[in-house]
Chemist: 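Before anything else, here's the structure in question.
When a residue number appears, it is its place in the shown sequence, counting from 1. Counting starts at 1 for both ligands and their atoms, in listed order.
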Amino acid sequence: MPVFALVGNKGGAGKTTLAMNLAAALARRGATAVVDADPQGSALQWRAFIRDDRAPPVFAPQDGGLGDQVAELRRRYANLVIDCPPSVHAAATDAALRAVDLVLIPVQPSPVDLWATVHIERAVTEARVVNPGLVATLVINQLEPRTTLSRLMREALAELELPVAATAIRRRAVYRNTALEGRTVYDAGRRGAAAAAEVDELISEVINS
Ligand SMILES: Nc1ncnc2c1ncn2[C@@H]1O[C@H](COP(=O)(O)OP(=O)(O)O)[C@@H](O)[C@H]1O
Ligand SMILES: [Mg+2]
């Protein structure tokens with residue numbers, strides 16, 4: 001399995017939500033861990049809510065740097081997910097782009113948010129100098145169930161250099177509600193089934209890309 005990083009240039013895009021749900025999905029396939037590379041520590045807080053030994057552990061960044069930490073964790077875990085700070089100019093994001101295989105960039109379905117991804121495109125291009133195999137994909141998050149993407153959105157998407165995953169993540173209360181309890185949509189039974197299905201679909205899509 002590739003090492004995943006959730007990257008973006010603003011808060012509230014859904015990086016931590018996607019990181020934790022992705023980790024829960026991957027944990028069903030093999031040993032999985034999360035590294036919380038965001039100084040805000042949302043993923044660590046999320047994990048601190050529950051004392052469920054089966055949930056993937058969340059590690060704080062280690063002093064020696066993210067590159068070494070990823071190399072070390074790769075030996076112990078089949079799957080790794082790195083949650084990054086909300087800036088592509090942060091050192092942690094830079095380190096993640098150099099250390100991982102697959103970058104997912106959640107964006108809200110608004111042209112303004114998409115235009116802001118130009119900085120991410122640049123950071124990905126720079127990281128590819130040292131990490132040539134890096135795959136980077138935008139993921140539309142918080143898509144409204146009953147609205148289709150507007151014409152403006154389609155035009156904005158067509159302008160981007162980075163590919164956009166065909167699988168979008170919808171805006172669903174279950175993502176927020178499960179986070180409140182430090183859980184994920186995989187713990188929500190039937191209430192979380194549609195959300196879990198879209199996260200699984202996203203994983204299948206990006207690992208086959
Ligand atoms: N698909 C979604 N549906 C509903 N709420 C979501 C969804 N994705 C994220 N959220 C909510 O949006 C807010 C910001 O998400 P978060 O994952 O913290 O973003 P980031 O880590 O990029 O700052 C949180 O309150 C989260 O619960
Ligand atoms: Mg976050």
Chemist: Testing the basics here: between Leu138 and Leu114, what is the closest heavy-atom pair and its distance to 0.1 Å?
Modeler: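 Heavy atoms of Leu138 and Leu114 come nearest at CD1-CD2, 4.5 Å.
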
Chemist: Which of the numbered atoms in ligand 1 are under 4.0 angstrom from any heavy atom belonging to Gly11?
Modeler: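 The list of qualifying atoms is 23 (O).
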
Chemist: Please state whether Gly12 comes within less than 4.0 angstrom of ligand 1, counting heavy atoms only.
Modeler: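 Yes.
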
Chemist: Could you check atom 19 (O) of ligand 1 against the protein and tell me its nearest heavy-atom contact, residue, atom and distance included?
Modeler: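 Minimum-distance protein heavy atom for atom 19 (O) of ligand 1 reads Gly14 N, 3.0 Å.
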
Chemist: Do the side chains of Arg76 and Glu72 get close enough for a salt bridge, i.e. N-O under 4.0 angstrom?
Modeler: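 Yes, Arg76 and Glu72 are salt-bridged.
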
Chemist: If you measure only the distance, is there a donor-acceptor pair under 3.5 Å linking the side chains of Asp200 and Tyr186?
Modeler: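 Short answer, yes.
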
Chemist: What are the atoms of ligand 1, with element, lying closer than 4.0 Å to any heavy atom of Ile169?
Modeler: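 Counting from 1, the qualifying ligand atoms are 1 (N).
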
Chemist: Going by the order shown, which atoms of ligand 1 are within less than 4.0 Å of some heavy atom of Arg170?
Modeler: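 Answer, ordered by atom number: 1 (N), 2 (C), 3 (N).
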
Chemist: I'd like to check whether Ala13 has a polar contact with ligand 1, where a contact means an N/O of the residue lying under 3.5 Å from an N/O of the ligand.
Modeler: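 Yes.
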
Chemist: What about Tyr175: any of its N or O atoms under 3.5 Å from an N or O on ligand 1?
Modeler: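 It does not: no N or O of Tyr175 is found under 3.5 Å from an N or O of ligand 1.
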
Chemist: Quick one: closest heavy-atom pair of Asn21 and Val199, and the distance?
Modeler: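 Closest approach of Asn21 to Val199: O-CG1, 4.0 Å.
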
Chemist: Should one rank Gln142, Glu144, Arg176 by closest heavy-atom distance to atom 27 (O) of ligand 1, which comes out on top?
Modeler: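 Ranked by closest heavy atom to atom 27 (O) of ligand 1, first place is Arg176.
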
Chemist: Hey, could you give me the CD1/CZ distance between Ile82 and Phe59, rounded to the nearest 0.5 Å?
Modeler: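 Answer for the CD1-CZ pair, Ile82 versus Phe59, is 11.0 Å.
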
Chemist: Taking 4.0 angstrom as the limit and counting only heavy atoms of Asn141, give me the atoms of ligand 1 inside it, by number and element.
Modeler: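 Within the 4.0 Å cut-off of Asn141, ligand 1 contributes 1 (N), 2 (C), 7 (C), 8 (N), 9 (C).
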
Chemist: To the nearest 0.1 Å, how far is atom 15 (O) of ligand 1 from its closest protein heavy atom, and which atom is that?
Modeler: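 It is Thr17 OG1, 3.6 Å.
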
Chemist: Can we say Arg54 and Asp187 salt-bridge, meaning some charged N sits less than 4.0 Å from an Asp/Glu carboxylate O?
Modeler: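 Judged by the 4.0 Å cut-off on N to carboxylate O distance, Arg54 and Asp187 do not form a salt bridge.
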
Chemist: For atom 22 (O) of ligand 1, tell me which residue out of Lys15, Gln40, Lys10 has the closest non-hydrogen atom.
Modeler: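 When every heavy atom of Lys15, Gln40, Lys10 is considered, Lys15 comes closest to atom 22 (O) of ligand 1.
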
Chemist: Dump the intermediate steps for side chain to side chain contact (heavy atoms under 4.5 Å, CB included) on Tyr175 and Val185, then the final yes or no.
Modeler: CA-CA 6 Å; Tyr175 285 108; Val185 299; 3.7 Å; yes

Chemist: List nothing but the number: protein N/O/S atoms under 2.8 Å from the Mg ion (ligand 2).
Modeler: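 Considering protein N, O and S only, the Mg ion (ligand 2) has 1 within range.
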
Chemist: How close do Ala95 and Leu66 get, heavy atom to heavy atom, and via which atoms?
Modeler: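 Taking Ala95 first and Leu66 second, the nearest heavy atoms are CB-CB, 3.8 Å.
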
Chemist: Return the minimal non-hydrogen interatomic distance between Lys15 and Lys10, and the atom names on each side.
Modeler: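 Closest pair (atom of Lys15, atom of Lys10, distance): NZ-O, 2.7 Å.
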
Chemist: Is any side-chain heavy atom of Ile207 less than 4.5 Å from a side-chain heavy atom of Met1?
Modeler: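 Sidechains of Met1 and Ile207: in contact.
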
